[in-house]
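Data block below; observations after.
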Amino acid sequence: MSEIRVRFAPSPTGYLHVGGARSALFNYLFAKKNNGKFILRIEDTDQERSTHESLKMMVDDLNWLGLKWDEGVDPLTLKDMGPFAPYRQSERLSIYKQVADEILKNGKAYYCFMTDEEIDRQRAINQAEHSYAHIESPYAEWPLEKALTELKNGKSAVVRFKTKALKKDYILPDLIRGEVRFPSDMVGDFVLLRSDGMPVYNFCCVVDDHLMKISHVLRAEEHLPNTLRQMMIYESMKWPTPQFGHISLVLDDDRQKLSKRKGAVACDVFKDEGYLPEAMNNYLALLGWSHPEGKEIFELKEMEQLFSIDRLNSSGAVFDRVKLKWVNSQHLRALSSEDLWNLIQPHLQKAGLVLPQDQAWQLHSADVFRSKMEIASDAVALYTPLDETRFAIAGESTEVLTWPTTKVVLQTWKKLLVDFISEYLSEEDFVRFENEVKIQSQTKGKNLFMPMRVAVIGKPHGTELKILTPLIPVKALIARAEKVLSHVESL
RNA sequence: GUUCCCAUCGUCUAGUGGCCUAGGACACCUCCCUUUCACGGAGGAUACAGGGGUUCAAAUCCCCUUGGGAACGCCA
């Protein structure tokens, strides 16, 4: 059996979309599972919109996800890497030109001199008559020589593929959908080469897939109609077609194709918010694929072993950010304290929090907060009460501070702290202190713990004190208690 | 409008003719744990779009209807 070769072929005209990431993932997994090659090809024939920054961004995001490719552009230098170079379509123009000439010579394509106005007019008529919105070019049957002469005289033309003669159904054996039957007149004479000589997607795609010996094309369902055009091109060149599999779409909660307007869809946004790449891959895989044992949480390596096209679903899947978060929280829990700290640290720094530098404190804090975070950026809210410079008495605390028993609670708490000798309280110390306050102040329930919480974080609600207090130096706890106490007296 | 695709709990899904009075996960609700919230634990409610066939037997196969989606570019 010949080698399995698959590709992900983004056009660098923006960010990497989560739908794109999912396609890349499935291609990657299919290659890994079958000891094949995963190729990253750059479809940059739209020179207006393709940018270097976008390419860089996509490469970075793919790297972040850990979907390593075997051929394509080098992840660091962006230079070509692999035996079928170049992998950027903008550098393969002469190849497309050659193939186009051959199709032209065979009479399967023609130069079309229609102007934009002529085309618009035809479309308008078609629409009014509710007929097929295909254009009918008067140049379809021109001999090649005649067209070439016009071209020499300075006229400009696109190259169109001739579909008229192809009166038959095309049957696509789709790996995911079974047999898909297209009537040949489903598409009109489509463009192969633009008037400036730049090739168009459907054409490059076929030429490259063939030349790069792509064995399987796994791509989103929206390409289904393109596949008919591509099959026609393969046929005209007498090239064998690769196997196609059309993956269901990722949808918004209104069941339309996922779009930016309804929330983040760019991979790097999730990266910046503190999602783990393993969680992204895990969740994206769950959109259309299922683990054979029904597992919900798994690593990339496991998917590489288990992936199969058979388990891909053919219906569209709604992108559920809530479940994504949950998946992320599960992966967060599996992290070592050190990895977790390294993950959240940049978020804390970005928020400008002033926190202790010693490693034991850092690891301990990461550990106790672990189960309270779903994504890394959640850490900011969790750590903010630990920043001495940010301590403030919130307005919502006022009611608590006016309770008759509050003052004695605060005084007792402060006294216990002042008499304490170590730098930090342990969890046990805190529990003991709390009990002590309870006895001495003769309070219980929320009359006890709400004033205490205000004394520690300035607010009556928040993380358990037995977790928080061991992370705040006793000196600071005393200072906070004093502030609150003097605030009570000023009321 | 035309062509194509799709159709199991709110969402992601398991299910490839009998194991299905339909299983799991997220979300939701109740209770337990907890001197708040959360975490964790135990329960609960909720789905085979409708109608015809085929078959001893249909969520599973076929047809129709309905609903949803995508594509109809000198974008990819």
Side-chain angles (χ1 to χ4, degrees), chain A residues 9-14 43-46 48-50 89 112 114 116 119 123 126-135 156-160 172 174 176-177 180-183 185-188 190-202 204-205 219-228 246 248-249 251 253-257 283 286-297 310-311 313-327 329-330 333 370-374 382 434-435 438 443-450 452-453 460-467:
Chain A
S11 65
T13 55
E43 311 222 326
D44 56 352
T45 55
D46 183 350
E48 303 261 303
R49 298 197 299 148
S50 298
Q89 294 185 329
C112 174
M114 284 175 87
D116 287 350
I119 291 171
R123 288 225 172 89
N126 284 343
Q127 224 156 37
E129 291 175 353
H130 293 290
S131 62
Y132 291 87
H134 299 158
I135 69 138
S156 78
V158 298
V159 173
R160 281 188 193 280
L172 165 68
D174 192 277
I176 298 167
R177 270 146 234 283
V180 179
R181 183 179 292 260
F182 305 107
D185 60 1
M186 179 175 159
V187 295
F190 54 94
V191 172
L192 258 27
L193 254 36
R194 292 177 247 230
S195 52
D196 63 0
M198 280 304 264
V200 155
Y201 166 75
N202 278 302
C204 314
C205 186
R219 61 176 25 157
E221 185 190 331
E222 57 194 334
H223 284 291
L224 220 33
N226 285 328
T227 308
L228 170 60
H246 288 90
S248 62
L249 258 18
L251 310 172
D253 43 21
D254 60 0
R255 304 209 71 88
Q256 308 220 328
K257 208 166 87 173
Y283 178 69
L286 249 19
L287 248 35
W289 184 78
S290 57
H291 190 285
E293 288 158 35
K295 276 173 74 174
E296 301 271 333
I297 301 299
D310 300 352
R311 299 196 68 81
N313 222 60
S314 49
S315 53
V318 174
F319 188 69
D320 180 355
R321 290 172 173 81
V322 175
K323 184 150 182 181
L324 202 211
K325 270 200 177 182
W326 175 79
V327 170
S329 74
Q330 299 305 301
R333 275 146 211 245
R370 180 196 306 277
S371 69
K372 301 183 178 301
M373 297 184 250
E374 287 193 298
L382 255 10
E434 188 180 38
N435 211 34
K438 179 180 174 180
T443 57
K444 59 179 182 179
K446 67 178 191 174
N447 284 325
L448 171 68
F449 66 79
M450 280 191 158
M452 284 187 70
R453 184 172 284 113
H461 300 283
T463 310
E464 302 99 294
L465 291 177
K466 67 178 181 192
I467 286 183

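Throughout, protein chains are lettered first and strands after them, A, B, ... in sequence-line order, and every chain is numbered starting at 1. Nothing here was measured: the structure is a model prediction, and the numbers come from that model.
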Practice problem: Give the nucleotide from the list B:rC12, B:rA76, B:rC74 with an atom nearest to the side chain of A:V318. | Solution: B:rC12

Quiz item: How far, in whole Å, is B:rU65 from B:rA22 if one measures between their C1' atoms?
Solution: 25 Å

Quiz item: Roughly how far, to the nearest 0.5 Å, is OG1 of A:T227 from CZ of A:R219?
Solution: 4.0 Å

Quiz item: Atom CD1 of A:I297 to atom P of B:rC12: distance rounded to whole Å?
Solution: 17 Å

Quiz item: Taking atom P of B:rG68 as reference, at what distance in whole Å does atom CD of A:E221 sit?
Solution: 16 Å

Quiz item: Which is true for A:H246 with a 4.0 Å heavy-atom rule: it touches a base, it touches only sugar-phosphate, or it touches nothing?
Solution: nothing

Quiz prompt | Counterpart base for B:rC26, defined by Watson-Crick or G-U wobble contacts under 3.5 Å | solution = B:rG10

Quiz item: Does A:E296 get its side chain close enough to the base of B:rG24, under 3.5 Å, for a donor-acceptor pair?
Solution: yes

Quiz item: Choosing from B:rU36, B:rC37, B:rC74, which nucleotide comes nearest the side chain of A:H461?
Solution: B:rU36

Self-check item: A:K438 NZ to B:rU35 P, straight-line distance once rounded to whole Å
Solution: 9 Å

Practice problem: Take the protein atom NZ of A:K295 and the nucleotide atom P of B:rA14, then report the distance between them rounded to whole Å. | Solution: 17 Å

Self-check item: Nearest listed nucleotide, side chain of A:A317, among B:rU13, B:rG40, B:rA76
Solution: B:rU13

Quiz item: How far does the C1' atom of B:rA45 sit from the matching atom of B:rC26, given to the nearest Å?
Solution: 16 Å

Quiz item: Going by modelled atom types, is there a donor-acceptor pair between the base of B:rA25 and the side chain of A:K323 at under 3.5 Å?
Solution: yes

Quiz prompt | Presence of A:R311 side-chain N/O under 4.0 Å of B:rG15 phosphate oxygens OP1/OP2 | solution = yes

Practice problem: If B:rC72 has a Watson-Crick or G-U wobble mate with both distances under 3.5 Å, name it; if not, just say none. | Solution: B:rG1

Quiz prompt | More than 12 heavy atoms of other groups within 6.0 Å of A:K295 NZ | solution = yes

Exercise. Kindly say whether, by distance alone, the side chain of A:S314 makes a donor-acceptor pair under 3.5 Å with the base of B:rC6?
Key: no

Quiz prompt | Residue A:K257, side-chain heavy atoms: nucleotide from B:rA71, B:rU13, B:rU36 that is nearest | solution = B:rA71

Exercise. For A:K372 and for A:S11, locate the closest nucleotide of RNA chain B by heavy-atom distance; then report the residue assigned to the nucleotide nearer the 5' terminus.
Key: A:K372

Quiz prompt | Closest approach of A:K257 to A:L249 (non-hydrogen atoms, all atoms of both residues) | solution = CG-CG, 4.2 Å

Quiz item: Say you pick atom P in B:rU55 and the same atom in B:rC9; how far apart are they, in whole Å?
Solution: 30 Å

Quiz prompt | Nearest-neighbour nucleotide for the A:S195 side chain, B:rG40, B:rC74, B:rC4 considered | solution = B:rC74

Quiz prompt | Minimal non-hydrogen separation, A:D253 against A:V318, with atom names | solution = CA-CG1, 3.7 Å

Exercise. Would you indicate whether A:R333, at its atom CZ, is surrounded by more than 12 heavy atoms from other residues, nucleotides or ligands within a distance under 6.0 Å?
Key: yes

Practice problem: Report yes or no: does A:S329 contribute a side-chain atom to a donor-acceptor pair with the main-chain N or O of A:E374 at less than 3.5 Å? | Solution: no

Quiz item: Given the P atoms of B:rA25 and B:rA14, what is the spacing between them in whole Å?
Solution: 15 Å

Quiz item: In whole Å, what separates the C1' atom of B:rG50 from that of B:rA7?
Solution: 12 Å

Quiz item: Does a side-chain N or O from A:T45 land closer than 4.0 Å to OP1 or OP2 of B:rA76, or not?
Solution: yes

Quiz item: Is the shortest heavy-atom distance from the side chain of A:Y201 to the side chain of A:H223 under 4.5 Å?
Solution: yes

Self-check item: Selected nucleotide, minimal atom distance to A:L224 side chain, candidates B:rA76, B:rC4, B:rA27
Solution: B:rC4

Quiz item: Just checking A:E434: base, sugar-phosphate only, or nothing, at a heavy-atom cut-off of under 4.0 Å?
Solution: base

Practice problem: State the pairing partner of B:rC19; accept Watson-Crick or G-U wobble contacts with both distances under 3.5 Å, and report none otherwise. | Solution: none

Exercise. Let me know the distance between CZ of A:R453 and P of B:rU36, rounded to the nearest Å.
Key: 8 Å

Quiz item: Hey, does the side chain of A:N313 come within less than 4.0 Å of B:rA14's phosphate (OP1/OP2), counting only N and O?
Solution: yes

Practice problem: Identify the nucleotide, in any strand shown, that forms a Watson-Crick or G-U wobble pair with B:rA38, with both distances under 3.5 Å; if there is none, say none. | Solution: none

Practice problem: For A:D253, answer base if it contacts any base atom (sugar-phosphate contacts may also be present), sugar-phosphate if it contacts only those atoms, and nothing otherwise; contact means non-hydrogen atoms under 4.0 Å. | Solution: nothing

Quiz item: How far, in whole Å, is B:rU8 from B:rC62 if one measures between their P atoms?
Solution: 16 Å

Quiz item: Which part of the nucleic acid, if any, lies within contact of A:V158, taking any heavy atom under 4.0 Å across all strands shown: a base, the sugar-phosphate backbone alone, or nothing?
Solution: base

Exercise. Would you classify A:V187 as touching base, sugar-phosphate or nothing, given that sugar-phosphate means primed atoms plus P, OP1 and OP2, and contacts are heavy atoms under 4.0 Å?
Key: nothing

Practice problem: Give a yes/no on whether any side-chain N or O of A:R255 is located under 4.0 angstrom from OP1 or OP2 of B:rC12. | Solution: yes

Self-check item: Phosphate-side-chain proximity, A:R219 and B:rA76, N/O vs OP1/OP2 below 4.0 Å
Solution: no

Quiz item: Closest heavy-atom contact between A:L286 and A:E296?
Solution: CD2-O, 3.5 Å

Quiz item: Which is true for A:L287 with a 4.0 Å heavy-atom rule: it touches a base, it touches only sugar-phosphate, or it touches nothing?
Solution: sugar-phosphate

Practice problem: Tell me yes or no: between the side chains of A:R177 and A:S314, is some donor less than 3.5 Å from an acceptor? | Solution: no

Self-check item: Separation of the P atoms in B:rU11 and B:rC33, to the nearest angstrom
Solution: 35 Å

Quiz item: To the nearest angstrom, how far is A:I135 atom CD1 from B:rU2 atom P?
Solution: 21 Å

Quiz item: Touch check for A:G188, heavy atoms < 4.0 angstrom, all strands: base, sugar-phosphate only, or nothing?
Solution: nothing

Quiz prompt | Protein-nucleotide distance (A:H291, atom NE2; B:rC12, atom C1'), rounded to Å | solution = 16 Å

Quiz item: The side chain of A:E464 lies closest to which of these nucleotides: B:rU36, B:rC12, B:rG73?
Solution: B:rU36

Exercise. Could you check which of B:rU35, B:rC26, B:rA76 has an atom nearest any side-chain atom of A:D320?
Key: B:rC26

Quiz item: Heavy atoms under 4.0 Å, any strand shown: does A:R370 hit a base, just sugar-phosphate, or nothing?
Solution: nothing

Practice problem: In whole angstrom, give me the gap between the P atoms of B:rU36 and B:rC12. | Solution: 37 Å

Quiz prompt | Nearest non-hydrogen partners of A:E434 and A:M452, listed with the distance | solution = CG-SD, 4.1 Å

Quiz item: With nearest nucleotides of RNA chain B determined for A:G316 and A:R181 from heavy-atom distances, which residue corresponds to the more 5′ nucleotide?
Solution: A:R181

Self-check item: Any A:S290 side-chain nitrogen or oxygen under 4.0 Å from OP1 or OP2 of B:rA14
Solution: yes

Practice problem: Measure from CD on A:Q330 to P on B:rC26 and round the result to the nearest Å. | Solution: 8 Å

Quiz item: When you check the phosphate oxygens OP1 and OP2 of B:rC72, does a side-chain N or O of A:R123 lie under 4.0 Å from one of them?
Solution: no

